[in-house]
There are 2 protein chains.
Amino acid sequence: MFKKVLIVDDHDDINSGVLNVLKANNIVNIVYSQYCDDAHLKFKRAIFDQEPFDLLITDLSFKKDHRECKILSGEALIDVLRTEAPELPIIVYSMNSLFQKVRTLITKHRVNAYVCKDRKGSLELSQAIKAVYNKIQFLSPQVKNALSSKLDLEINDYDVELVKQLSNGLSQAEISAYLEQNNMSPSSLSSVEKRLNKLKDQFKANNAIHLVAIVKDLGLI
Amino acid sequence: MFKKVLIVDDHDDINSGVLNVLKANNIVNIVYSQYCDDAHLKFKRAIFDQEPFDLLITDLSFKKDHRECKILSGEALIDVLRTEAPELPIIVYSMNSLFQKVRTLITKHRVNAYVCKDRKGSLELSQAIKAVYNKIQFLSPQVKNALSSKLDLEINDYDVELVKQLSNGLSQAEISAYLEQNNMSPSSLSSVEKRLNKLKDQFKANNAIHLVAIVKDLGLI
DNA sequence: AACATCCTTACGGTAATCCACAAAGCATAA
DNA sequence: TTATGCTTTGTGGATTACCGTAAGGATGTT
């Protein structure tokens, strides 16, 4: 079983819950951190001391408080650690259950498991630890289909960018200008309109507001 | 100290965290539930058995799953239990930190403590238990100001309804009609516009789309 | 080269919204 | 009652979004 585990989560009682799960799996060398920056330091220090961690369990979202942090999210932390330890087993343990997020974490960041904090969170976390130890990927049932779902494969990065900018408060004209500045094509106002219309059809949205609400609920942005 | 405590929270490892806090306070008779309906049954049963609970610790939001539930939120559960046990000490333990929500819970439902699940959640929960046992109200620092008067800037149920209907794809005219049909006042198109403008100011939103995106991110709708 | 097809862009009329201001309703106090 | 402030409602003009149509371009096929 894993020898030394780093837990990163800003909720202290989630930490104690995860702790119990690890102890139940006979893992005793456990370090935890409530801040990503702190976790990064501990991780590097462990390598320096030649006692590196062999598993990372991290949340995705961290509330801001008085402390200044460079690494603001679990995803950013994973990004950093992946460059320093490409083969480190990583388990994401998060409330978030957005397919798009799960997919990028699995494919881009190559995390080894994604567990949803939920009614059976502890149980699934325990399963995930065992699975990952045996080099098997683990996904909670809620997000099992994140990699196979075709529903949102029809929508591409350009579309996502459009809706994201919409949700950031840009007008269609501003989006057109933004696209032009970033050398994205097509960029004309007319094209933006046309593409948004297509998306509104696709998602059965009454208007742009409705579209953003739907796409946000689906977790595409 | 309290003798018998009912914990209601759908996250199983939050439960184990709360459990640890209670044990540290020498409370051993602990029952927990992941569903509000279930909690309600256990509560009534305990009274029937003449071994009633003397403390309730509950979350506010519960994810839906396959089980059919009548009581869908912690607030609804509190509402029910307050009618059956007007003097029951109640501690809310939630991620939610909206002043409006805190205020209605304190004033309308007379909950005895509001603890934010956060970096110091366990510590504060422990403090809350001690305080409530000594008949003292407890609020986490993040929401300590929820009861002070200066925050008429806060968002109320009417505002939430407006933005929710917006996100459902209704036009402002349709929202006006909807409000009139449901006897909500004010209902005129002009009033809808005005209120939305106020909200856009409040949330620093560029337009209605931006507003909906922000409010969705904050979890208000 | 000629043609079809697809994609991008442009334009114009209609509808929705944004915004400032004015009128009406309603309560409280002099 | 009248005056006063506050909220709600109404109005009109500017802006933006919506939607159909059509012109221009690129690509591929024959």
Side-chain angles (χ1 to χ4, degrees), chain A residues 153-217 220-221, chain B residues 100 103 149-217 220-221:
Chain A
L153 288 181
E154 304 164 15
I155 178 174
N156 59 31
D157 292 348
Y158 179 87
D159 295 326
V160 170
E161 189 62 31
L162 273 193
V163 183
K164 195 179 290 180
Q165 294 307 328
L166 255 193
S167 78
N168 285 338
L170 273 62
S171 71
Q172 297 185 4
E174 287 170 329
I175 292 177
S176 169
Y178 167 85
L179 292 173
E180 197 174 1
Q181 281 188 332
N182 293 64
N183 293 319
M184 295 178 183
S185 178
S187 67
S188 74
L189 175 59
S190 194
S191 294
V192 172
E193 289 180 357
K194 194 163 195 173
R195 203 62 79 106
L196 287 177
N197 276 329
K198 202 195 73 183
L199 290 171
K200 275 181 272 182
D201 273 358
Q202 214 165 312
F203 290 99
K204 297 178 177 53
N206 297 340
N207 54 44
I209 298 175
H210 199 191
L211 174 65
V212 167
I214 291 170
V215 172
K216 278 190 94 75
D217 282 338
L220 295 167
I221 56 173
Chain B
Q100 182 71 18
R103 200 186 319 176
S149 56
K150 65 157 189 173
L151 24 90
D152 283 10
L153 294 173
E154 278 291 323
I155 178 171
N156 59 31
D157 292 347
Y158 178 87
D159 296 326
V160 170
E161 189 63 31
L162 274 193
V163 183
K164 196 178 289 179
Q165 295 307 327
L166 255 193
S167 77
N168 286 337
L170 272 62
S171 71
Q172 296 184 7
E174 288 170 329
I175 293 176
S176 169
Y178 167 85
L179 292 172
E180 198 174 1
Q181 281 187 332
N182 291 63
N183 293 320
M184 296 178 180
S185 177
S187 67
S188 73
L189 174 59
S190 194
S191 293
V192 172
E193 288 180 0
K194 193 165 194 172
R195 203 62 78 106
L196 287 178
N197 277 329
K198 202 193 73 183
L199 290 171
K200 274 180 273 183
D201 274 357
Q202 219 165 306
F203 290 100
K204 296 178 178 50
N206 297 340
N207 54 44
I209 297 175
H210 198 191
L211 175 65
V212 168
I214 291 170
V215 171
K216 278 190 93 74
D217 282 338
L220 274 65
I221 56 172

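Within every chain, numbering begins at 1; the chains are lettered A, B, ... in the order of the sequence lines, protein sequences first and strands thereafter.
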Nearest-Å distance, NZ (B:K198) to P (C:dC19)?
16 Å

Within this structure, what is the CG-CD distance for the pair A:L162 and A:E193, rounded to the nearest 0.5 Å?
11.5 Å

Rounded off to whole Å, could you give me the CG-to-C1' distance for the A:L199 and D:dA17 pair?
16 Å

Are side-chain heavy atoms of B:Y178 and B:E161 found at a separation under 4.5 Å?
yes

For a 4.5 angstrom cut-off between non-hydrogen side-chain atoms, does A:L211 reach A:N207?
no

Contact under 4.0 Å: A:K194 side-chain N or O vs C:dA10 OP1/OP2
no

When the distance from CG of A:L170 to C1' of D:dA17 is rounded to whole Å, what number comes out?
15 Å

Protein-nucleotide distance (A:H210, atom NE2; D:dA17, atom C1'), rounded to Å:
17 Å

Evaluate the side-chain proximity of A:L166 to A:L196: yes if any heavy-atom separation is below 4.5 Å, no if none is.
yes

Report all interatomic pairs (protein N or O, nucleotide N or O of nucleotides 24-28 of chain C) with separations under 3.5 Å.
none

Which nucleotide in C:dT8, C:dT9, D:dT11 has an atom nearest any side-chain atom of A:S190:
C:dT9

Strictly below 4.0 Å, heavy-atom distances to any atom of DNA chain C: list the hits from residues 172-188 of chain A, or just say none.
A:P186, A:S187, A:S188

Whole angstroms only, please: what is the NZ-P distance between B:K200 and C:dA20?
11 Å

Donor-acceptor pair, side chain of A:S176 and main chain of A:S187, under 3.5 angstrom
yes

Let me know the distance between CG of B:D201 and C1' of C:dC18, rounded to the nearest Å.
12 Å

Is there side-chain contact between A:K194 and A:P186, with at least one heavy-atom pair below 4.5 Å?
no

Base, sugar-phosphate alone, or nothing: which one does B:N197 contact when heavy atoms must sit under 4.0 Å apart?
sugar-phosphate

B:S185 vs B:Y158 side-chain heavy atoms within contact, under 4.5 Å:
no

Considering heavy-atom distances to DNA chain D, does A:A208 or B:S191 have its closest nucleotide positioned more toward the 5' end?
B:S191

Test your reading of the model: is there a side-chain donor-acceptor pair from B:Q202 to the backbone of B:L199, 3.5 Å cut-off?
no

Write down the distance between CG (A:L211) and P (D:dC19), rounded to a whole number of angstrom.
12 Å

Distance below 4.0 Å between A:R195 side-chain N/O and C:dT8 OP1 or OP2:
yes

So do the side chains of A:D159 and A:K198 get within less than 4.5 Å of each other, counting heavy atoms only?
yes

B:E193 or A:L196, whichever maps to the more 5' nucleotide of DNA chain D
B:E193

Can you check the A:I209 CD1 to D:dA17 P distance for me, whole Å?
11 Å

